[in-house]
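First, the structure itself, so that you have it in front of you.
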Amino acid sequence: MPHFTVPDLYPALPEIVLVCAAMFLLLVGVGRGEGSSRPISWLAVAVLLVTLGLEFLVGPERRVAFYGMFTVDAFGLFMKVLVLIGGAVTIIMGLRFNEDQGIARFEFPVLVLLATSGMMVMVSASDLITLYLGLELQSLALYVIASFDRDSVRSTEAGLKYFVLGALSSGLLLYGASLVYGFSGTTSFGHLASLFGAAAGVVSSGLIIGMIFIVVGLAFKVSAVPFHMWTPDVYEGAPTPVTAFFAVAPKMAAVALFIRYLIEPFGPLAGQWQQVIIFLSVASMALGSVGAIAQTNIKRLMAYSSIGHIGYALIGVAAGTPTGIEGVLIYMAIYLAMNVGTFAVILCMREKGRMLEDISDLAGLSQSRPALALALGIFMFAMAGIPPTAGFFSKLYIFIPAIDAHLTGLAIFGVVASVVGAFYYLRIVKVMYFDEPAASFDRPISTELKGVLFVTAVVTLFFFLLPSPLVGGATSAAAALFMK
Amino acid sequence: MTHWPLLTLVTFVPLIGVGFIMTTRGDPEVVARNARNIALGISLIVLALSIVLWVKFDPRTPDFQFVEKVTWISIGNFQVTYHMGIDGISLFFVLLSTLLTVLCVLASWQSVHAQVKEYMIAFLVLETLMVGMFCALDFILFYVFFEGVLIPMFLIIGVWGGPRRVYAAFKFFLYTLLGSVLMLLAIIGVYFQTGTSDITVALSHSFPAGLQRWLWLAFFASFAVKVPMWPVHTWLPDAHVEAPTAGSVILAGVLLKMGGYGFVRFSLPMFPLASAYFTPLMFVLSAIAVIYTSFVALAQTDMKKLIAYSSIAHMGFVTMGIFAVTSEAVQGAVIQMLSHGLVSAALFLCVGVVYDRLHTRDIARYGGLVERMPAYAFVFMAFMLASVGLPGTSGFVGEFLILLGTFRVNTLECFLAATALFLGAAYMLYLYRRVIFGTIEREDLRRMLDLSWREKCVFAPLVVLVLWMGIYPSSFLTPIRASVDHLVQQVTAATAAAPRQASLF
């Protein structure tokens with residue numbers, strides 16, 4: 001391997017550009033003061049798109065930077081694209097909302113940019129140090145935007161809760177990392193992998209404990225049961241665009257990190273972590289579907305829904321095969337579309353400038369706003385996994401590797417939980433279509449939201465017509481992860 | 001032969017209608033009228049196309065015809081294809097679906113006032129899914145159609161249904177979903193056995209005996225709920241009672257047949273050993289369904305509920321015939337499903353006629369209708385007798401063939417099922433007497449109008465078909481026969497080979 005005196009920064013170019021641009025926008029914002037929120041938001045979106053372009057420029061070949069601590073490959077590219085899309089769409093969706101709520105400050109897009117760059121580092125992390133670095137960069141930005149509506153008690157409470165529990169999980173993760181380092185003498189994913197490969201499955205229990213601590217820390221971030229407690233409160237308390245952001249981008253990054261962490265360094269120990277993942281998966285699916293039944297607040301409901309969805313994604317992780325990972329990637333991509341769409345509808349739930357969050361406020365939406373109801377209906381059926389929506393295919397791509405890996409029991413549990421889960425998604429459809437109209441939402445919906453809604457609804461409904469781009473991307477991304 | 005992709009057309013032309021209806025705007029009255037006209041026009045075109053299928057169908061071969069195959073999606077190393085085709089078993093189900101959709105649109109002409117546009121869209125989408133399901137020759141494709149049906153049906157029951165519509169819609173949806181997700185896992189299991197999701201490959205694949213039972217049970221979970229078999233039938237009376245008339249027609253006419261079709265198409269040929277193993281179970285459940293639900297039907301005070309329970313009894317006949325696995329019985333089961341599709345649909349339409357006028361389905365509220373509604377009394381009588389299985393009607397052919405075929409296999413079962421003929425006559429005649437005969441006592445009954453032209457148009461094709469099927473069943477049996485014979489031979493061969501294989505080891 002050639003030795004560079006100056007590190008080869010090219011693989012990290014998108015991240016570098018993103019961080020610099022975030023700093024620059026921060027300066028611009030400070031200079032222009034209040035009222036610069038809208039231009040800076042659009043600039044931030046432009047920056048994210050430029051970063052997206054740079055990602056494709058850097059390409060899917062496997063490259064490393066910073067002495068192997070930072071890896072770029074097809075897997076990273078796939079997940080970063082999802083993260084960047086999630087970030088950009090959130091900023092666009094939040095524009096009008098923040099203005100209406102009187103919280104349109106330029107810090108919001110800047111913080112989203114910073115969080116996004118943290119996520120991208122997470123996705124590319126191939127060393128325990130970069131893993132932690134990315135995670136904290138992301139988390140610190142997220143703690144702040146959770147309490148972005150600083151005059152609202154709920155929002156500040158959400159931020160504080162998220163901070164305390166997030167700090168706890170970071171502590172666990174760090175403790176695990178220190179154990180792994182102490183017992184193996186390395187933090188590099190590559191070295192760990194060759195170490196475990198050579199050990200042929202016999203490793204010290206200290207390493208296993210360290211690995212599990214890190215898994216616990218990551219489980220916090222993806223909000224898998226039993227480390228999910230923060231999710232409903234934070235989702236409910238945070239301003240809705242922030243919740244939308246929480247529901248998509250950090251999930252993508254954390255799942256990516258989770259996968260890379262388990263497959264690359266700890267892949268040879270699959271027998272050790274598989275049962276842990278199965279437990280997380282079963283518990284998440286069960287709690288996600290049962291816990292949501294009693295919810296009346298739609299944001300809380302979405303929190304439980306996201307917990308359940310993580311449970312399904314973890315089925316694919318538990319399978320641990322290339323097809324399993326491919327399934328997870330497809331699942332997360334479709335989850336992104338469904339969730340962004342659903343939150344776009346939730347952002348439309350305003351009456352006389354006031355935010356509505358109760359499920360009952362959707363009553364009779366099919367008569368007062370048929371297009372909106374149709375869109376939300378599509379998302380709900382998709383989340384329940386009913387064909388021909390994209391949600392069905394995402395579940396299909398998860399269950400196939402599960403059966404292949406002989407996780408039949410897990411798959412059976414998964415489908416049964418999906419029937420229970422279907423109940424609460426159907427309840428929203430029921431409220432919209434079967435009940436008499438209650439609230440009348442403000443008109444018109446902003447153009448940005450209309451655009452987001454249209455695109456996500458079309459993608460969710462007509463995924464089956466042209467699935468190959470996504471599936472092909474996921475296949476090569478998953479293959480890249482298993483290539484040594 | 002034409003090179004037109006006929007099956008694709010029959011399946012997806014309704015969606016073109018959906019597109020048209022969606023673009024209609026303006027005054028609600030105009031929109032409603034346009035929606036009705038477009039829905040009727042499109043469903044008639046689809047019916048015509050499906051009749052072309054029948055005309056061009058070659059009854060001599062058991063193979064799939066009008067086959068279309070295009071690569072669709074890839075999952076790992078597997079290719080999922082868009083593979084369509086029909087054989088003698090599925091041909092008439094396609095026709096049944098397209099015919100009933102036309103009648104549903106006609107029957108809802110005036111009785112549906114609210115959200116007509118959405119109503120017609122739901123029915124056209126439903127038509128696409130039903131037809132697609134009977135034509136699909138790829139498991140994933142089949143499953144997409146099979147489960148997709150739930151969405152429009154859920155909305156039809158829930159939006160345009162009766163007072164307890166929400167309960168009924170949820171019960172329908174969740175019951176069926178639970179069954180079908182288990183089937184999905186079995187489909188994935190089949191996929192790993194055969195290495196493809198192609199149904200034609202799976203049909204001739206021989207699965208290991210142990211695995212067959214598990215897969216059979218998973219498919220059974222789905223189809224038993226759809227049929228529905230006792231004891232998972234409880235969603236049906238609720239769904240039927242609460243659904244609007246046209247919803248009940250589709251539910252009884254086509255959706256229940258999906259279960260029976262599934263047993264014939266998948267459970268028998270793919271898992272012959274498991275089918276043989278579980279035949280006693282099927283016979284017991286069928287006998288219970290036939291006898292128990294007949295008694296339950298006898299005690300009903302709601303017309304729709306009575307017909308719903310009679311549906312369960314008739315479908316019990318079907319499942320019995322299928323698992324008797326003789327050529328006569330399976331043919332009889334297919335014919336019985338078609339006949340029941342027509343007759344129960346017609347009976348629900350009959351209920352709909354009086355319901356539109358009086359807005360009650362309580363049997364006690366009626367009586368003496370023959371005086372004011374002679375045409376209605378005639379039509380009702382024709383279908384009532386067909387339901388009872390009077391010779392000369394379609395009901396007789398199916399029941400006779402099933403009993404004939406089952407007698408050779410299991411005389412006791414045949415005897416038990418035959419009691420239902422008597423019970424069926426009892427509850428149907430009892431219903432007929434209470435509704436049609438007697439004296440008119442209430443003023444509102446005296447003012448009831450007889451069938452309108454539109455309603456006669458709805459019933460006429462049904463009466464003709466029921467009599468045609470009863471008097472000259474060969475037109476229907478001939479296309480069915482080749483496929484069924486092939487199926488029965490295949491299953492008997494597999495079960496006969498099994499002990500020999502076992503003795504080798």
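Below, read A as the first sequence line, B as the second, and so on, with proteins coming before strands; counting in each chain starts at 1. These values consider heavy atoms only, across backbone and side chains, with no hydrogens, waters or symmetry-generated copies.
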- Item | Closest approach of P467(A) to W72(B) (non-hydrogen atoms, all atoms of both residues) |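 Where P467(A) meets W72(B) most closely, the heavy atoms are CG-O, 4.4 Å.
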- Heavy-atom side-chain contact between Q115(B) and S366(A) under 4.5 Å: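 Side chain of Q115(B) against side chain of S366(A), heavy atoms only: contact under 4.5 Å found.
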- Task: Provide the closest heavy-atom pair for Y433(A) versus V159(B) in the form atom of the first, atom of the second, distance.
- Result: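 Of all heavy-atom pairs spanning Y433(A) and V159(B), the closest is O-CG2, 3.7 Å.
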- Message: Could you check whether any side-chain heavy atom of T408(A) comes within less than 4.5 Å of a side-chain heavy atom of W214(B), counting everything from C-beta outward?
- Response: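 When only atoms from C-beta onward are counted, W214(B) and T408(A) do not touch, as no gap falls below 4.5 Å.
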- Message: Taking atom CZ as the centre, does F413(A) end up with more than 12 heavy-atom neighbours from other residues, nucleotides or ligands that are less than 6.0 angstrom away?
- Response: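 Atom CZ in F413(A) is crowded, with more than 12 foreign heavy atoms closer than 6.0 Å.
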- Pairwise distance CG(L182(B)) to CD1(I412(A)) - rounded to 0.5 angstrom: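 CD1 of I412(A) is found 7.0 Å from CG of L182(B).
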- Query: Relative to each other, are the rings of F154(B) and F381(A) parallel, tilted or perpendicular (30° and 60° limits)?
  - Reply: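 Ring orientation, 0 to 90° scale: perpendicular.
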- Is chain A contacted by the side chain of L178(B), its backbone, both, or neither, given a heavy-atom distance below 4.5 Å?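 Both parts, heavy atoms under 4.5 Å.
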- Item | Taking every non-hydrogen atom, the tightest pair across L396(A) and L184(B) |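 Residues L396(A) and L184(B), closest heavy atoms: CD1-CD1, 3.9 Å.
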- Taking every non-hydrogen atom, the tightest pair across L174(B) and A422(A):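 Answer, listing the atom of L174(B) first, then A422(A): CD2-CB, 4.1 Å.
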- Under 4.5 Å from a heavy atom of chain A, the part of F173(B) involved: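 Just the side chain, heavy atoms under 4.5 Å.
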- Going from NZ on K430(A) to CG on L155(B), what distance comes out if it is rounded to the nearest 0.5 angstrom?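 Spacing of NZ (K430(A)) from CG (L155(B)) equals 13.5 Å.
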- What are the two closest heavy atoms between S418(A) and V181(B), and how far apart are they?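 Heavy atoms only, the tightest pair is OG-CG1, 4.2 Å.
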- Item | I151(B)/V429(A) under side-chain contact (heavy atoms from CB on, under 4.5 Å): CA gap, chis, key distance, verdict | CA-CA 10 Å; I151(B) 299 178; V429(A) 177; over 6 Å; no
- Query: How long is the span from the CZ atom in F192(B) to the CD1 atom in I403(A), to the nearest 0.5 Å?
  - Reply: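 One finds 7.5 Å between CZ of F192(B) and CD1 of I403(A).
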- Message: What part of V420(A) gets within 4.5 angstrom of chain B, counting heavy atoms only: side chain, backbone, both, or neither?
- Response: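 No part of V420(A) comes within 4.5 Å of chain B.
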- Item | Proximal component of F392(A), with respect to chain B [non-hydrogen, under 4.5 Å] |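 Just its side chain gets close to chain B.
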- Query: Between L426(A), V419(A), V415(A), which shows the greatest number of heavy-atom pairs under 4.5 Å with chain B?
  - Reply: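 Heavy-atom pairs under 4.5 Å are most numerous for L426(A).
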- CD1/I140(B) to CZ/F393(A) distance, rounded to the nearest 0.5 angstrom?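 Result: 8.0 Å between the selected atoms.
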- Answer yes or no: are there more than 12 heavy-atom neighbours, outside F454(A) itself, under 6.0 Å from its atom CZ?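 Counting neighbours around CZ of F454(A), 12 or fewer heavy atoms of other residues, nucleotides or ligands fall under 6.0 Å, so no.
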- Contact part of F464(A) toward chain B, heavy-atom cut-off under 4.5 Å: side chain, backbone, both or neither?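 Looking at F464(A), backbone and side chain both touch chain B.
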- Value rounded to 0.5 Å, distance of CD in E118(B) from CG in L374(A):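 One gets 9.5 Å once the value is rounded to the nearest 0.5 Å.
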- Item | Most chain A-contacting option - heavy-atom pairs closer than 4.5 Å, from L150(B), L129(B), L177(B), V149(B) |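 Of L150(B), L129(B), L177(B), V149(B), L177(B) has the most heavy-atom pairs under 4.5 Å with chain A.
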- What part of A218(B) is in contact with chain A, defined as an atom under 4.5 angstrom from a non-hydrogen atom: side chain, backbone, both or neither?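 For A218(B), there is no contact with chain A at all, as no heavy atom is under 4.5 Å.
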